[in-house]
*Asks:* 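Right, I'll just put the structure down here and ask away after.
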There are 2 protein chains.
Amino acid sequence: METPVETTRERLLNVAEQRFGEGGYEGTSLRAITVAAAANIAAVNYHFGSKEALLRAAVARAMAPVNTERRRRLDQLEAGGPPTPEELIRAFIEPGLELVLRRGERGAVVARFIGRIAFDPSRRIRDLYAAESDPIESRYLAALQRALPQASPDAVAFGYMNMLGLLALHQSQALSPTPGAAGSGGAVSTEDPGKLAENLVTFLVAAFDRGLRT
Amino acid sequence: METPVETTRERLLNVAEQRFGEGGYEGTSLRAITVAAAANIAAVNYHFGSKEALLRAAVARAMAPVNTERRRRLDQLEAGGPPTPEELIRAFIEPGLELVLRRGERGAVVARFIGRIAFDPSRRIRDLYAAESDPIESRYLAALQRALPQASPDAVAFGYMNMLGLLALHQSQALSPTPGAAGSGGAVSTEDPGKLAENLVTFLVAAFDRGLRT
DNA sequence: GCATAGTTCAAACGGTCGTTTGAACTGGAG
DNA sequence: CTCCAGTTCAAACGACCGTTTGAACTATGC
């Protein structure tokens, strides 16, 4: 088996999503990234052009398989009869959690990266994430509206935003309490990605079914 | 009416929660804060000691009335019969949204500040928020467990974390879409704080009632 | 051999960061 | 008035930031 040599570009992307996921965009320096990636600082500007362009490339690479899987599931659902709310929620949540958490340690890094960037304090950074999931968003909204005809467009959008936000929070692992905190002794949902996805779907299905007024 | 002269310390706290709420901790410089507050840079270290201590003081001041109101509501609920899940959820959500959003423009700034800090990318910053709402958290968890005896402790903690996360996301206004985005044309929930609180409570009550397995 | 395009490198650029210093100002107490 | 604690100030500290430069290295094609 030939050694799959990682290019400098790949190492930069790998380290970038790890570090950006830990400290956020502003809280992570290019020097910290390039040192960890065993690359020269100038390599960032050579391969990507700027710090923000590096982030953009990392977001695009991380979101690509998630978007592909979501599109595939939506196509499949719409090929059959009109999908139920639960089927639509599954088609959104599971690609975001399972596809990314199932493959060991590295998947958790990618998930945390996506979840953090989605709710970065800076609007400009959040928009980088939004731009990557933009086209599929209106498809979900339309499908949810058809599956929930009694709910107003505002209510559907409200539910969709809550779903998106909760997913991002679990991806970013920001909901796991501080190890030394007074509350529960940890392990809220970090045990098994599959179980987390199942719990989150159940939670959201109940909320969508009876929690969307007007 | 005598002029209520703002002290330098107060102006620093006011501007800090505004700027930290916009750009996050790492993305906001002390110089940006002190210029907007018409104060000298050294005033921060004189009155607070460091940038992080300024943030800590701002978080404490912003959370104080919310925590007080939550305690008051919990006391009142536990004085009567065993509270329902809806009553507990209201006692958590409404102090976080109404108490802070009802008083005009300034309340929205405080809410955004709290919501942003609660999910700052840096663990150390998030812990500053957690430390401020620490003692009341176990009270809520215990009360929720009593109100939902059929749910496991893990499930209750899962629901509580989702509630806390969704509240913070709405407080931070991170769920309002980009003005120019493809999705809904904005106004997901920004219309009226009271309506937002009502929608969020309804959403969460449904999720707690039928969405917590095991 | 030589030329060439692609990549890496050490070093430096100007700028901004949080923090510190020591002097200047302020207003009430003795 | 003098004194003094409390506060504000301009200026500078060293460190780190993202970005740029221009030379050095690498590998492939002729």
Side-chain angles (χ1 to χ4, degrees), chain A residues 2-59 61 113 116-117 120-125 127-128, chain B residues 2-59 61 113 116-117 120-125 127-128:
Chain A
E2 43 185 277
T3 23
V5 199
E6 277 183 330
T7 66
T8 298
R9 195 188 144 90
E10 287 167 335
R11 291 197 318 273
L12 283 174
L13 286 172
N14 292 343
V15 175
E17 67 187 3
Q18 178 210 325
R19 292 292 213 264
F20 283 148
E22 288 173 357
Y25 179 74
E26 297 285 356
T28 304
S29 72
L30 284 185
R31 281 174 174 84
I33 292 175
T34 51
V35 165
N40 191 278
I41 308 207
V44 171
N45 281 290
Y46 176 75
H47 287 284
F48 301 97
S50 68
K51 182 186 182 183
E52 188 168 319
L54 167 63
L55 173 65
R56 183 163 28 240
V59 169
R61 194 188 67 162
F113 169 65
R116 285 261 200 279
I117 297 304
D120 188 274
S122 161
R123 162 69 77 99
R124 209 177 68 263
I125 303 302
D127 285 348
L128 289 184
Chain B
E2 43 186 278
T3 21
V5 200
E6 277 184 331
T7 65
T8 298
R9 195 189 144 90
E10 287 168 335
R11 290 197 321 272
L12 283 174
L13 286 173
N14 292 342
V15 176
E17 69 188 3
Q18 178 210 325
R19 293 290 213 262
F20 282 148
E22 287 172 359
Y25 179 74
E26 296 286 354
T28 304
S29 72
L30 284 185
R31 280 173 175 84
I33 292 175
T34 51
V35 165
N40 191 277
I41 307 205
V44 171
N45 281 288
Y46 176 74
H47 286 285
F48 302 97
S50 69
K51 182 186 183 184
E52 189 168 319
L54 167 63
L55 173 64
R56 182 162 29 239
V59 170
R61 194 188 67 162
F113 170 64
R116 285 260 200 279
I117 297 304
D120 188 274
S122 161
R123 160 69 77 98
R124 209 177 68 262
I125 304 303
D127 285 349
L128 290 183

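Any value given below was found using the heavy atoms of this structure, including those in side chains, with hydrogens, waters and symmetry copies removed. Each chain gets a letter, A, B and so on, in the order its sequence line appears, and its residues count up from 1.
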*Asks:* For the residue pair A/E10 and A/E6, what are the closest heavy atoms and their distance?
*Replies:*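 For A/E10 and A/E6, the tightest heavy-atom pair comes out as OE1-CA, 3.4 Å.
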
*Asks:* Say you draw a straight line from CZ of A/R61 to CG of A/N14; how long is it, rounded to the nearest 0.5 Å?
*Replies:*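 Answer rounded to 0.5 Å: 4.5 Å.
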
*Asks:* Under a 4.0 Å heavy-atom cut-off, which of residues 41-56 of chain B touch DNA chain D?
*Replies:*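 Contacting residues: B/A42, B/Y46, B/H47.
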
*Asks:* Between which nucleotides of DNA chain C, read 5' to 3', does contact with chain B run, using atoms under 4.0 Å from its heavy atoms?
*Replies:*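 Counting from the 5' end, contacts occupy C/dC17 to C/dT21.
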
*Asks:* Can a donor-acceptor pair be found, under 3.5 Å and without considering hydrogens, that links the side chain of A/R116 to the backbone of A/G24?
*Replies:*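 Looks like no, no N/O pair under 3.5 Å.
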
*Asks:* For B/R56 and B/V59: C-alpha separation, side-chain torsions, deciding distance, then whether side chain to side chain contact (heavy atoms under 4.5 Å, CB included) applies.
*Replies:* CA-CA 5 Å; B/R56 182 162 29 239; B/V59 170; 5.8 Å; no

*Asks:* Rounded to the nearest 0.5 Å, what's the gap from CG on A/L128 to OH on A/Y25? Could you check?
*Replies:*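 Rounded to the nearest 0.5 Å, the CG-OH separation comes to 8.5 Å.
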
*Asks:* Once you round to the nearest 0.5 Å, how far does CG of A/L54 lie from CZ of A/F20?
*Replies:*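 The distance works out to 5.0 Å.
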
*Asks:* Rounded to the Å, how far apart are B/E26 CD and D/dG18 P?
*Replies:*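 Interatomic distance, CD of B/E26 to P of D/dG18: 11 Å.
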
*Asks:* Applying a 4.0 Å non-hydrogen cut-off, can you work out what B/T34 is touching in the nucleic acid: base, sugar-phosphate, or nothing?
*Replies:*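 Touches nothing.
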
*Asks:* What is the distance, to the nearest angstrom, from the CZ atom on B/R31 to the C1' atom on D/dC16?
*Replies:*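 Distance check: B/R31 CZ to D/dC16 C1' gives 13 Å.
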
*Asks:* Does B/T28 reach a base, just sugar-phosphate, or nothing at all? Heavy atoms under 4.0 Å.
*Replies:*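 Sugar-phosphate only.
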
*Asks:* Enumerate, atom names and distances included, each donor-acceptor pair closer than 3.5 Å involving a side-chain atom of residues 38-49 of chain B, sequence neighbours excluded.
*Replies:*
unit_1	atom_1	unit_2	atom_2	d
B/N40	OD1	B/A42	N	2.9

*Asks:* State the CZ-CG distance between B/R19 and B/L30, to the nearest 0.5 angstrom.
*Replies:*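 Rounded to the nearest 0.5 Å, the CZ-CG separation comes out at 12.5 Å.
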
